[in-house]
Amino acid sequence: MDERKQGGTKISGRARVVVIGGGYAGVAAALRIVGKAARRRVPVSVALVNPSPLFVERIRLHELAAGKAPRRIELARLLGARGIELVLGRARRIDAAARAVEVELEGGGNAGAETRRLGYDALVYAPGSGAAQEIVPGGGEHALSVADAASARALRERLRAAPPGGRVVVVGGGLTAIEAAAEIAEAFPALRVALATRGRVGEGLSVGGRAYVGRALRELGVAIREGVRAVAVDASGLAVAPEAGGAAPGDGAAERLAADIVVLAAGFRPAALAERSGLATVAGGRLAVDRWLRAPAHPEIWGAGDAAAVLDGDGAPLRMGCATALPQAAYAADSVVAALAGDAPPPPFRFAFFIQCISLGRRRGLIQRVDPRDRPLDRVITGRLGAWAKELVCRSTIAAIRLEGLRAGGHGSPGEAPRPRGARSLGSDASGERLPSGAAT
Ligand SMILES: Cc1cc2nc3c(=O)[nH]c(=O)nc-3n(C[C@H](O)[C@H](O)[C@H](O)COP(=O)(O)OP(=O)(O)OC[C@H]3O[C@@H](n4cnc5c(N)ncnc54)[C@H](O)[C@@H]3O)c2cc1C
């Protein structure tokens, strides 16, 4: 009988792998695990848990909010005929001691939600992140976001219904906020769009990059308000205070920015599943993982993408992004297969940034060259060429996932820092805006 060891437990027969999350990291990991396992002749069964049958291209949600029809990408088609079981449901709890995931199945019927318990020998934790509306009081009730598909759709409806001259305030100065403000201003020229942020807009960009973003936003009619923090949102707009001051809503130091629509784009909140399951978390709820992307107390759990706190060379969590999620998924997948095959652990995960990409509507874009630590260099591509390059990079994410389905191994071997390639280095966020943000903006 086939008998291997994983995390101190002997596995007989087919190893059960569960992947939580059908986003960039989860789908890429699942596909790569089946491909690599087949090559290594490691018998595995892989189940991927996701609430929706559709893959959400999160990096295009600002486009969706501005009215562009999203591509319909069926998860089942993306996963192809590789034998991956798609479990439509939401993981409610990981019982790490028993090595099982409790899943609330979608469409569980009237008698309450149906649940299913999935045992695993290896688990890939990739449930991603969502909106962080609660970072500003009133945000949950009164603000919208582009962080998830439902919010982006709700925002689209509000934008369509807004009267000419209606005011939109986007909160945040990082890449998502810049992209959202530019996209909305371009698609809805009759609306008055403003961007309100702590510090400066595009703080992590080079001087040239920041100047270009400022110019493009002004050309699109976006009013920029820097050096303020949002202190409250209500039905009639936003209260902001000078960044350094201690103003609170209601006191004289807070200023009102009237708005028909407030869009909070100042941070993402990681999925709460790890915390809820009693697993160790850091950085606002991201799963704590070691340099091999494994949960230290549970080496049979790997983390990848927004929901995991993968550390950079300085010990800080890598920012959230497909740019980081896809290579992490590739590493985790290779590492899962190596562990199931009984191999020694691979070298630790390493990562090098290459570029940041920002869309500024459909006709302008910025490609900002960065060093391996994501610090801006003095080289940028702007204008239509920048827009075209950004579009290419967006397409390359899905292409990279499809490639995993055709041929496992598109992202190098475990521990190898990815070579600079656009597909892996799209839009980073040196401004921290795509990091989970517990702080108000
Ligand atoms: C408007 C916008 C623009 C962006 N632009 C860029 C960019 O240019 N470059 C870049 O690098 N990044 C960009 N990002 C960030 C990027 O989208 C995320 O970093 C990326 O989606 C992370 O991938 P992921 O697989 O970790 O998580 P996600 O893509 O969030 O996928 C997670 C999946 O898990 C599912 N899930 C959640 N909870 C559970 C559960 N309990 N059980 C089962 N499934 C669950 C979710 O429904 C989802 O399908 C952008 C994000 C936004 C919103």
Side-chain angles (χ1 to χ4, degrees), residues 18-30 47-66 73 75 86-94 101-106 118 124-132 145-152 155 172 174-180 183 263 265 267-274 276-277 286-287 303-308 310 318-329 353 355-359 365-367 374 390-391 393-394 396-397 401 422-429 433-436:
V18 173
V19 178
I20 299 177
Y24 297 92
V27 176
L48 182 135
V49 185
N50 196 65
S52 162
L54 298 178
F55 179 88
V56 174
E57 273 194 279
R58 277 186 77 200
I59 61 174
R60 292 191 187 274
L61 287 180
H62 56 301
E63 298 176 37
L64 171 66
I73 305 176
L75 261 181
L86 176 57
V87 179
L88 288 181
R90 191 170 280 281
R92 287 296 177 205
R93 194 172 151 265
I94 298 165
V101 182
E102 287 160 19
V103 180
E104 187 180 310
L105 299 174
E106 283 297 305
L118 297 172
V124 177
Y125 181 81
S129 67
S145 114
V146 291
D148 60 64
S151 309
L155 175 56
L175 308 192
T176 305
I178 293 170
E179 289 189 333
E183 203 78 36
V263 182
F268 296 154
R269 166 95 31 223
L273 178 61
R276 205 164 53 227
S277 305
R286 295 171 89 177
L287 177 72
D306 287 6
V310 177
L318 281 173
R319 63 173 174 74
M320 295 177 177
C322 311
T324 46
L326 286 171
Q328 289 167 16
F353 287 98
I355 51 173
Q356 298 181 14
C357 310
I358 311 178
S359 64
L366 171 73
I367 308 298
D374 212 17
K390 163 80 190 199
E391 174 57 29
V393 164
C394 287
S396 74
T397 57
I401 290 173
R424 253 181 250 127
S425 308
L426 70 167
S428 82
D429 192 351
E433 156 242 16
R434 279 175 191 141
L435 291 172

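Side chains are part of it too, since the values below use all heavy atoms of this structure and drop only hydrogens, waters and symmetry mates. Whatever order the structure lists them in is the order used to number ligands and atoms, beginning at 1.
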Looking at [X] and [Y], would you say the former's side chain and the latter's main chain have a donor-acceptor pair under 3.5 Å?
X: Y125; Y: L287; result: no
X: Q328; Y: G305; result: yes
X: E102; Y: R92; result: no
X: R58; Y: A147; result: yes

When you measure from the heavy atoms of [X] to every atom of ligand 1, does any distance fall below 4.0 Å?
X: F55; result: no
X: R60; result: no
X: A307; result: no
X: V56; result: no

I need the atoms of ligand 1 closer than 4.0 Å to a non-hydrogen atom of [X], numbered in the order shown.
X: V146; result: 1 (C), 53 (C)
X: K390; result: 7 (C), 8 (O)
X: H62; result: 1 (C)
X: A126; result: 32 (C), 34 (O)
X: F268; result: 51 (C), 52 (C), 53 (C)
X: G305; result: 26 (O)
X: S129; result: 30 (O)
X: M320; result: 19 (O)

Audit row: E104, R93, side chain to side chain contact (heavy atoms under 4.5 Å, CB included) steps and yes/no:
CA-CA 9 Å; E104 187 180 310; R93 194 172 151 265; over 6 Å; no
Can you find a pair of side-chain heavy atoms, one from Q356 and one from D374, that are under 4.5 Å apart?
yes
Would you check the N or O atoms of [X], main chain and side chain alike, for any that come under 3.5 Å of an N or O of ligand 1?
X: A25; answer: yes
X: Y24; answer: yes
X: R319; answer: no
X: C322; answer: yes
X: A304; answer: no

Which of the listed options, A274, G22, P127, holds the heavy atom that is closest to atom 36 (N) of ligand 1?
P127
If hydrogens are left out, which of I59, D148, V49 has an atom nearest to atom 14 (N) of ligand 1, that is, the closest non-hydrogen atom?
I59
Cation-aromatic face contact R319/F353, 6.0 Å, 45 degrees:
no
To the nearest 0.5 angstrom, please state how far the [atom1] atom of [X] sits from the [atom2] atom of [Y].
X: E179; Y: L61; atom1: CD; atom2: CG; value: 11.0 Å
X: T397; Y: Y24; atom1: OG1; atom2: OH; value: 5.0 Å
X: H62; Y: L155; atom1: NE2; atom2: CG; value: 12.0 Å
X: L75; Y: L86; atom1: CG; atom2: CG; value: 5.5 Å

Test of understanding: given a 4.0 Å heavy-atom threshold, classify the contact between [X] and ligand 1 as side chain, backbone, both, or neither.
X: C394; result: neither
X: E179; result: side chain
X: I20; result: side chain

Does a donor on one side chain and an acceptor on the other come within less than 3.5 Å for R286 and S129?
no
Provide the closest heavy-atom pair for P51 versus E106 in the form atom of the first, atom of the second, distance.
O-CG, 3.0 Å
